[in-house]
Number of protein chains: 2
Amino acid sequence: MTKRPTIRDVAALAGVSVATVSRVLSGDYPVAGATRTRVQRAVRELDYVVNAHARALSGTTSKVVALVVREVVSPFYARIAAGVEEQATEAHRLCLVCTTHGDPDRELEVIKLMREQQADAVILVGGVVENADYRERMYRYAQGLEDAGTRLVLCGRPSLGPDFPAISVEYDNAGGAFAATSQLLSGGHRRIAMLAGEPGLTTSDERIDGYRRAMAAFGAPIDPALIRHGWMSHEEGRRHVRELLAGRTAFTAIFAANDQMAAGALMELRAAGLRCPEDVSIIGYDDSPFAQDLWPALNSVHVPLDELGRTAVRLALAKSTGAPSRQQVMLGTHVVIRNSVRPATR
Amino acid sequence: MTKRPTIRDVAALAGVSVATVSRVLSGDYPVAGATRTRVQRAVRELDYVVNAHARALSGTTSKVVALVVREVVSPFYARIAAGVEEQATEAHRLCLVCTTHGDPDRELEVIKLMREQQADAVILVGGVVENADYRERMYRYAQGLEDAGTRLVLCGRPSLGPDFPAISVEYDNAGGAFAATSQLLSGGHRRIAMLAGEPGLTTSDERIDGYRRAMAAFGAPIDPALIRHGWMSHEEGRRHVRELLAGRTAFTAIFAANDQMAAGALMELRAAGLRCPEDVSIIGYDDSPFAQDLWPALNSVHVPLDELGRTAVRLALAKSTGAPSRQQVMLGTHVVIRNSVRPATR
DNA sequence: CTGTTAGCGCTTTCAA
DNA sequence: TTGAAAGCGCTAACAG
């Protein structure tokens, strides 16, 4: 491994000064055509590439966008990540990905790392449990990042208020839940089971909220026994239905807070000899890719995940163009109609 | 936004030299207890974090591992990515993610960026079309990266030979296909349709190879009409089955080169009034998370994707411990048995 | 249009 | 155990 060439090597070979080399490299500076050609040849000859760290150190931005998610293997996060990555690439930024596994300590550590990297933006993705010190913690993060010249973006997670020093990009979570529940209700369903996440998890809580509002709007009574909490997984979806069935709690439809749970519910229903949508209607949330591959294809609330990611990056990088560092935008959601819902017969 | 504090600020506040601060920060150097405490207090007081670029510039490694995938939204890549991210975190490395969308030019650009970043390792993930200049291109990459002190790892993609300056971490792709086909064959199936990817795509080609070998081993004739090529998607899976059915090409089982295609095939079969596994058995590949959520739950070839990712990082970073920079390892695959396969009746 | 030079913030000898 | 000082490779004034 020979030592990698530096800008001085290029300068020497091209017979110019390092400043000149730097100029032709960055492109935005008048340099004589002949000189430029000479430098470019030298660059190619030496197979030279700039040292990003040296460049970042001497002033210019680091050209890095950081994405902080709970898990990498999750269609939900993955689609946001894809949006972030695309937009970052478009803006000539590199994309750092970190996971927290929902651990606040890990989150803290990750944010610190991002400050060290002087990332242009840190995008925090997905729902959280808003416990006691969450707000305060976020506030400290925002502070520290701002000092490092880094924009903080909350993506798919409720804004902490207009005064909070961060950008927030949300989607109409409760609205989607309202629409989904309404679809069931207008089909005549009244006993609608709601499969939700852990209490306190923002994503889930907002979905429950939409469910409640729709029920109220249609004058349908809310039976607490129909609202089920747990880990938002396929397995848990099965468990909820199993217990509902065992407890002889009547229901003609299910609204699941995500598609995994809906798929689990579907499977357990089938195992119990119940058909969907003939006996029970189901509607999920997130419009995961596999929703249309199920049988019956699953109605679900579509969330513009990649748009969420793209918007997060766009807003964060608008810094240069003088956009405010604290703002909130909300993207719409809508129900995708497939084959898992049918009017109530009982 | 106040200027962020530097090591000098900390030194000043703690009343020591920058060298001392640097020492307590890196930890691995004898420093008097009292001094250390003083420095740490100053760090906390100023909310100081090191500048990663400055640190990287002054010699030490950049602590970054780069992951280059085709797409972010793909369970296949996502699971490898998860493994890479985990292991990278464990090794105190940050994880850069880039996508190529299968475009060689973009790949070239990404590799250049990684050289600029002086990443510790660049992990190239997933199958490729090994066309004419692919080898040569890879060789150039490897060269350039080695000069930058960066390890190149080919992950889930065939090694370019033991002399090639890169690490390769593969899985037994053909072996898995052989096992899957064998399962069908030993159930008495002889007319087995193979749903594959574009010709030339390494992943797909190796799976076809395993299929052929198994067919040969069981003395089953290979009907070219049963081997179908295309984009490896759900849609295409449906199309293949539709065309097979329309062309009246007899088959009692399907081996799909990935689970998406298997799911599509399953759906089209059902639409045509055929049952799985009663009428047609299906087996997929990759053991994607949704495979067990289908009805019937799908038999599939399990690929240790996260282990693949972890191994890639582990090997790449073993540099320090003096591991060779060129080696090949292969991880095993196995068939996961669920409910989509049944002995042939016709 | 081009060259000189002073840092950017940190690590790391070499001395003390 | 601590400090002084020389870079790491690049950019950005400031001169010419």
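Order of the sequence lines sets the chain letters (A, B, ...), proteins ahead of strands, with each chain counted from 1.
Note on A/Ala32: only backbone sugar-phosphate atoms sit closer than 4.0 angstrom, heavy atoms only; bases stay farther off. Backbone-only engagement by B/Val16 is indicated by non-hydrogen atom pairs under 4.0 Å involving sugar-phosphate atoms exclusively. Heavy atoms of B/Ser26 sit nowhere under 4.0 angstrom from any nucleic acid atom. As judged by a 4.0 angstrom heavy-atom cut-off over every strand, B/Val21 is placed among residues making no nucleic acid contact.
Exactly one residue among B/Arg151, B/Lys63, B/Arg93 makes a salt bridge (Lys or Arg N to Asp or Glu O under 4.0 Å) with B/Asp120. That residue is B/Arg93.
Crowding of A/Tyr139 atom OH: a count of heavy atoms from other residues, nucleotides or ligands under 6.0 Å not exceeding 12.
Atom-to-atom, CD1 of A/Ile7 to C1' of C/dT4 comes out at 14 Å; the value is rounded to the nearest Å. Rounded to an integer number of Å, the gap from B/Gln118 CD to C/dT11 C1' is 15 Å. As a whole-Å value, the separation of A/Leu25 CG from D/dG9 P is 15 Å. At whole-Å resolution of the value, CD in A/Gln117 and P in C/dC10 are 13 Å apart. Rounded to whole Å, atom C1' of D/dA12 lies 13 Å from atom CG of A/Leu57. Regarding A/Arg23, its CZ atom lies at a distance of 11 Å from the C1' atom of D/dA15, rounded to whole Å. Taking atom CZ on B/Arg36 and atom C1' on D/dT2, their separation rounds to 13 Å, with Å as the unit. Rounded to whole Å, atom P of D/dC10 lies 17 Å from atom NZ of A/Lys63.
Place A/Thr35 and B/Thr20 on DNA chain C by their nearest nucleotides, and A/Thr35 ends up nearer the 5' end. Both B/Val18 and B/Ala54 lie near DNA chain D, and the one whose nearest nucleotide falls closer to the 5' end is B/Val18. Judged by closest nucleotide on DNA chain D, A/Asn51 is the one of A/Asn51 and A/Tyr29 placed further toward the 5' end.
No side-chain N or O of A/His53 forms a donor-acceptor pair with one of B/Gln118 less than 3.5 Å apart. In this model, no donor atom of one side chain and acceptor atom of the other lie less than 3.5 Å apart for A/Gln328 and A/Ser168.
Put simply, CZ on B/Phe164 and CZ on B/Arg135 are 7.0 Å apart, with the number rounded to the nearest 0.5 Å.
In the interface, the side chain of B/Arg4 is not paired with the base of C/dG9 through any donor and acceptor atom under 3.5 Å apart. Taking only distance into account, the side chain of B/Arg8 never meets the base of C/dT11 through a donor-acceptor pair shorter than 3.5 Å.
The side chain of A/Ser17 places an N or O atom within less than 4.0 Å of a non-bridging phosphate oxygen (OP1 or OP2) of C/dG3.
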